[in-house]
J.: 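This structure is in structure tokens; I'll ask about it shortly.
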Amino acid sequence: MTPTVPTLRDTIAEDLRVQITTGRLKPGARLPSEPKLATHYKVSTPTIRQALALLQAEGLIEKTHGKGNFVRAPRRRITYRGGAGIPFAPDLQTTIRTTTVRARGHIRTLLRVPSNTPLTEFHCTTYEGETPRSVARIYIPRDLAPAAQLASSSWPGGRDANHTETQERVTARLPTPEEATALRISPTRTVLTVTRIALNSAGRVLEAALLTLPSDAADAVFTTHLPLNEGETDR
């Protein structure tokens with residue numbers, strides 16, 4: 001097999017990446033302008049922009065309109081644990097807004113309900129200090145989320161009391177404009193999305209959750225508990 005030859009874009013991005021990760025370019029430092037970088041690396045400006053876009057997607061640099069590209073300070077990673085719906089940690093705060101919506105499109109498909117079925121939507125934003133770290137939209141059929149919960153800012157208690165199965169799909173992609181605004185990130189920065197549904201023993205979907213986190217500052221951990229073999233005991 002012929003080895004893949006790195007492109008100019010990849011070579012430039014790797015050189016800058018090494019400078020950032022080794023501390024030669026420190027957090028807050030402004031990178032040279034695109035024309036200066038193009039002259040330094042002896043390439044075209046579009047090639048420089050492609051290399052910088054890779055670093056922006058990795059969360060290593062951030063572009064400020066009218067000012068240039070700056071090295072980002074490392075962010076503490078947060079962990080999403082499978083089945084939780086949103087990340088939880090002692091130093092994270094979550095705001096929750098509730099509203100009534102109708103089941104349509106992708107949400108209707110996830111919940112497996114007829115079109116226009118009344119749903120309660122929980123819009124959750126998790127913060128570390130004043131920095132948003134994740135956004136989630138959680139949908140529950142109204143017959144499972146009483147109207148009294150709409151006036152509550154607390155997490156919907158008892159929502160999983162009867163669920164026996166959880167299905168989760170993890171995807172990496174670019175954020176939607178709404179997600180980029182809510183998370184205060186560049187639209188070129190990759191996000192990690194978790195689509196989660198909880199079902200009961202009869203196969204009814206009790207809840208659908210759509211979670212989005214900046215991928216350079218988040219991990220997703222899933223734990224599987226295997227059944228014991230006959231004769232074994234749990235120690």
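Here, residue 1 is the first one in the sequence, and each next residue gets the next number. The analysis underlying the following values was restricted to heavy atoms, covering all of them including side chains, and did not include hydrogens, waters or symmetry mates.
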J.: Give, for atom OG1 of T117 and atom CD1 of I107, the distance between the pair rounded to the nearest 0.5 Å.
T.: 12.5 Å
J.: What distance do T195 atom OG1 and L210 atom CG have between them, rounded to the nearest 0.5 Å?
T.: 5.0 Å
J.: Using side-chain contact (heavy atoms from CB on, under 4.5 Å), reason through L206 and L199 one step at a time and then give a plain yes or no.
T.: CA-CA 5 Å; L206 306 178; L199 305 91; 5.9 Å; no
J.: With the side chain counted from C-beta on, respond yes when R17 and L60 share a heavy-atom pair under 4.5 Å apart, and no when they do not.
T.: yes
J.: Between T47 and V43, is there a donor-acceptor pair closer than 3.5 Å when you use the side chain of the first and the backbone of the second?
T.: no
J.: Nearest 0.5 angstrom please: I138 CD1 to L211 CG, how far?
T.: 8.0 Å
J.: Any heavy-atom pair between the side chains of T95 and Y127 that's under 4.5 Å?
T.: yes
J.: Indicate yes or no: at least one non-hydrogen side-chain atom of Y80 is less than 4.5 angstrom from one of F88.
T.: no
J.: Using the rule that two of Ile, Leu, Val, Met, Phe, Trp, Tyr join whenever any of their side-chain heavy atoms come within less than 4.5 Å, decide whether V135 and I78 are in one cluster.
T.: no
J.: Group every Ile, Leu, Val, Met, Phe, Trp and Tyr by side-chain heavy-atom contacts under 4.5 Å, then state whether L213 and V170 land in the same group.
T.: yes
J.: Given I12, which partner from the list D15, D10, L16 fulfils the side-chain contact (heavy atoms from CB on, under 4.5 Å) test?
T.: L16
J.: Does some side-chain heavy atom of I61 sit less than 4.5 Å from a side-chain heavy atom of L52?
T.: yes
J.: Between K67 and T64 (side chain of the first, backbone of the second, donor and acceptor by atom type, cut-off under 3.5 Å), is there such a pair?
T.: no
J.: I need the minimum non-hydrogen distance between A220 and L192, along with the two atoms involved.
T.: CB-CD2, 4.2 Å
J.: So if you build clusters from Ile, Leu, Val, Met, Phe, Trp, Tyr with side-chain heavy-atom gaps below 4.5 Å, do I197 and V101 land together?
T.: yes
J.: With side-chain contact (heavy atoms from CB on, under 4.5 Å) as the test, would you mind laying out the steps for R112 and L110 before giving the verdict?
T.: CA-CA 6 Å; R112 305 173 192 171; L110 286 176; over 6 Å; no
J.: Check this for me: R173, atom CZ, are more than 12 non-hydrogen atoms of other residues, nucleotides or ligands nearer than 6.0 Å?
T.: yes
J.: Assess the side chains of T212 and E179: does a donor N or O sit below 3.5 Å from an acceptor N or O?
T.: yes
J.: Show the nearest heavy-atom pair for residues T22 and Q19, with the distance to one decimal.
T.: OG1-O, 3.6 Å
J.: Stepwise, does the side-chain contact (heavy atoms from CB on, under 4.5 Å) test hold for H123 with T99?
T.: CA-CA 8 Å; H123 187 189; T99 188; over 6 Å; no
J.: Which atom pair, heavy atoms only, marks the closest approach of G83 to T166?
T.: CA-CG2, 4.4 Å
J.: Side chain of T109, backbone of G105: donor and acceptor closer than 3.5 Å?
T.: yes
J.: Hey, are Q56 and N69 close enough side-chain-wise for a donor-acceptor pair under 3.5 Å?
T.: yes
J.: Any idea which heavy atoms bring A73 and P27 closest together, and the distance?
T.: CA-CB, 3.8 Å
J.: Please check if any side-chain donor atom of S115 sits under 3.5 Å from a side-chain acceptor atom of R108, or the reverse.
T.: no
J.: Do V113 and V205 belong together in a cluster built from hydrophobic side chains that touch within less than 4.5 Å?
T.: yes
J.: Quick one: pull up OG1 in T125 and CG in L92 and give me the separation to the nearest 0.5 Å.
T.: 12.5 Å
J.: Evaluate side-chain contact (heavy atoms from CB on, under 4.5 Å) for T131 paired with R133, printing each intermediate quantity in order.
T.: CA-CA 6 Å; T131 303; R133 301 301 305 271; 4.1 Å; yes
J.: So how far is it from I185 CD1 to L174 CG, rounded to the nearest 0.5 Å?
T.: 9.0 Å
J.: Is the shortest side-chain heavy-atom distance between F122 and E207 below 4.5 Å?
T.: no
J.: Considering only heavy atoms from C-beta outward, does the side chain of L183 approach that of P175 to under 4.5 Å?
T.: no
J.: Grab the two heavy atoms, one from I96 and one from C124, that are nearest each other, plus how far apart they are.
T.: CG1-SG, 4.0 Å
J.: When E121 is tested against each of R137, R102, R97 for salt bridge (Lys or Arg N to Asp or Glu O under 4.0 Å), which residue passes?
T.: R137
J.: In plain terms, say whether R77 and D216 are close enough for a salt bridge, that is, a side-chain N and a carboxylate O under 4.0 Å apart.
T.: no
J.: Is it true that K63 and E34 have a side-chain N and a carboxylate O under 4.0 angstrom from each other?
T.: yes
J.: Check for me, please, whether V71 and I48 land in the same ILVMFWY cluster - side-chain distances under 4.5 Å, paths through other members count.
T.: yes
J.: How many angstroms lie between OG in S134 and CD in E128, if you round to the nearest 0.5 Å?
T.: 11.0 Å
J.: Look at R76 together with D219 and state whether they make a salt bridge at an N to O cut-off of under 4.0 Å.
T.: no
J.: Show the numbers, then the answer: is there a salt bridge (charged side-chain N to carboxylate O under 4.0 Å, His left out) between R189 and E62?
T.: CA-CA 9 Å; R189 190 167 156 203; E62 193 160 25; 5.2 Å; no
J.: Please name the pair of heavy atoms, one in L111 and one in P141, separated by the smallest distance, quoted to 0.1 Å.
T.: CD2-CD, 4.2 Å
